[in-house]
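Both ligands and their constituent atoms are indexed starting at 1 by order of listing. Values reported hereafter were calculated over all heavy atoms of this structure, with side chains retained and with hydrogens, waters and symmetry mates removed.
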Amino acid sequence: MNCIFCNIANQDNKNKKNWVFETENCCCFPDIDPKAPVHLLLIPKIHITSLQDIKNNNIEFINDMFLSIPKITEKLGLKSYRLISNIGESAGQSVMHLHFHILGGRKFDWPPG
Ligand code: AMP
Ligand code: ZN
């Protein structure tokens with residue numbers, strides 16, 4: 001399978017320079033097309049299509065992602081931020097590998113468009 005986020009998660013150390021956080025199970029790096037002053041993506045290191053595909057055999061990856069979020073935001077000094085995971089095309093998911101958007105550094109509208 002040719003998945004851009006699988007490729008990112010499995011790349012050489014020399015290409016990890018822009019990663020802001022990493023554990024055994026997940027990694028976090030800047031979005032290539034930022035929509036806020038801070039716009040990071042947090043992804044599991046195995047291919048999981050979306051949150052719709054959580055299973056007992058991948059729950060440790062999800063668990064680790066959630067535990068990583070406050071560590072990442074604390075590291076960046078983000079006191080308020082938005083966490084988004086688009087699930088499926090009509091919700092706006094364009095990369096079919098689970099990811100959390102971590103957005104901060106500006107005011108956000110509600111509801112989202
Ligand atoms: P979504 O539309 O919710 O699936 O989010 C996918 C996100 O991945 C978009 O915000 C893209 O800008 C971002 N993206 C796509 N390719 C890359 C890449 N190579 N590196 C970093 N971010 C990427
Ligand atoms: Zn993938």
Side-chain angles (χ1 to χ4, degrees):
M1 184 203 329
N2 193 8
C3 169
I4 188 165
F5 285 179
C6 281
N7 293 342
I8 288 175
N10 295 308
Q11 67 195 348
D12 294 341
N13 279 339
K14 66 175 164 47
N15 293 318
K16 294 183 180 176
K17 290 193 188 88
N18 66 342
W19 288 16
V20 300
F21 191 83
E22 179 183 14
T23 70
E24 190 190 342
N25 298 318
C26 65
C27 58
C28 183
F29 51 87
D31 194 293
I32 203 168
D33 182 19
K35 301 291 190 270
V38 178
H39 187 172
L40 303 171
L41 298 173
L42 175 62
I43 68 170
K45 289 186 176 176
I46 58 160
H47 188 83
I48 301 171
T49 304
S50 77
L51 281 177
Q52 195 63 24
D53 296 303
I54 297 177
K55 305 251 169 23
N56 281 328
N57 66 6
N58 59 27
I59 195 70
E60 68 188 286
F61 288 85
I62 311 294
N63 201 26
D64 203 28
M65 289 172 76
F66 276 112
L67 286 171
S68 296
I69 291 165
K71 294 178 187 160
I72 293 165
T73 52
E74 195 164 313
K75 186 174 172 184
L76 295 174
L78 271 185
K79 290 199 169 56
S80 180
Y81 58 92
R82 188 164 284 183
L83 183 70
I84 296 172
S85 193
N86 297 319
I87 298 157
E89 274 175 37
S90 22
Q93 186 176 7
S94 61
V95 178
M96 297 299 157
H97 178 126
L98 170 63
H99 48 283
F100 292 132
H101 297 261
I102 300 171
L103 296 136
R106 70 168 170 86
K107 189 107 172 64
F108 295 100
D109 292 333
W110 190 263

So for ligand 1, is [X] a polar contact partner (N or O within less than 3.5 Å, distance only)?
{"X": "Ser94", "answer": "yes"}
{"X": "Asn86", "answer": "yes"}
{"X": "Gly92", "answer": "yes"}
{"X": "Phe5", "answer": "no"}

At their closest point, which heavy atom of [X] faces which heavy atom of [Y], and how far apart are they?
{"X": "Ser85", "Y": "Leu98", "result": "OG-CD1, 3.7 Å"}
{"X": "Tyr81", "Y": "Ile69", "result": "OH-CG2, 3.4 Å"}
{"X": "Asn25", "Y": "Glu60", "result": "ND2-O, 4.0 Å"}
{"X": "Ile48", "Y": "Phe61", "result": "CD1-CB, 4.2 Å"}
{"X": "His39", "Y": "Asp33", "result": "ND1-O, 4.0 Å"}

Say whether Lys55 and Asn58, considering side chains only, have a donor N or O and an acceptor N or O under 3.5 Å apart.
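The answer is no; no qualifying pair exists.
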What residue and heavy atom of the protein are closest to atom 7 (C) of ligand 1, and at what distance?
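Atom 7 (C) of ligand 1 sits closest to the protein heavy atom Asp31 OD2, 3.5 Å.
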Counting non-hydrogen protein atoms only, what is the nearest one to atom 6 (C) of ligand 1? Give residue, atom name and distance.
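That would be His99 NE2, 3.4 Å.
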By number and element, which atoms of ligand 1 are closer than 4.0 Å to a non-hydrogen atom of [X]?
{"X": "Asp33", "result": "12 (O)"}
{"X": "Gln93", "result": "4 (O)"}
{"X": "Phe29", "result": "21 (C)"}
{"X": "Ile8", "result": "18 (C), 19 (N), 20 (N)"}
{"X": "Leu41", "result": "8 (O), 13 (C), 22 (N)"}
{"X": "Ile4", "result": "16 (N), 19 (N)"}

Between His97 and His99, is a ring pair (Phe, Tyr, Trp, His ring centres under 6.0 Å) present by the stated rule, with each step listed?
CA-CA 6 Å; His97 178 126; His99 48 283; 7.8 Å; no
Leu103 and Phe108: CA distance, side-chain angles, deciding distance, side chain to side chain contact (heavy atoms under 4.5 Å, CB included) verdict:
CA-CA 9 Å; Leu103 296 136; Phe108 295 100; 3.6 Å; yes
Is it the side chain (CB and beyond), the backbone, both or neither of [X] that lies under 4.0 Å from ligand 1, heavy atoms counted?
{"X": "Ile84", "answer": "neither"}
{"X": "Phe100", "answer": "neither"}
{"X": "His101", "answer": "side chain"}
{"X": "Ile32", "answer": "both"}

Could you check whether Glu24 pairs with Lys45 (Lys NZ or Arg NE/NH1/NH2 to Asp/Glu carboxylate O, under 4.0 Å)?
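No, this pair does not count.
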May I ask whether Pro30 places a heavy atom under 4.0 Å from ligand 1?
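Judged by the 4.0 Å heavy-atom criterion, Pro30 does count as contacting ligand 1.
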SG/Cys26 to CG/Leu41 distance, rounded to the nearest 0.5 angstrom?
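Between Cys26 SG and Leu41 CG, I get 12.5 Å after rounding to 0.5 Å.
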Quick one, Glu22 with Cys28, criterion side chain to side chain contact (heavy atoms under 4.5 Å, CB included). Give me CA distance, side-chain angles, the key distance, then yes/no.
CA-CA 6 Å; Glu22 179 183 14; Cys28 183; over 6 Å; no
What is the SG(Cys6)-the Zn ion (ligand 2)-ND1(His97) angle, to the nearest 10 degrees?
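Answer comes to 110°, rounded to 10°.
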Vertex the Zn ion (ligand 2), arms to His47 ND1 and Cys3 SG, rounded to 10°
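Vertex at the Zn ion (ligand 2): approximately 110°.
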Phe100/Phe66 under ring pair (Phe, Tyr, Trp, His ring centres under 6.0 Å): CA gap, chis, key distance, verdict
CA-CA 10 Å; Phe100 292 132; Phe66 276 112; 5.1 Å; yes
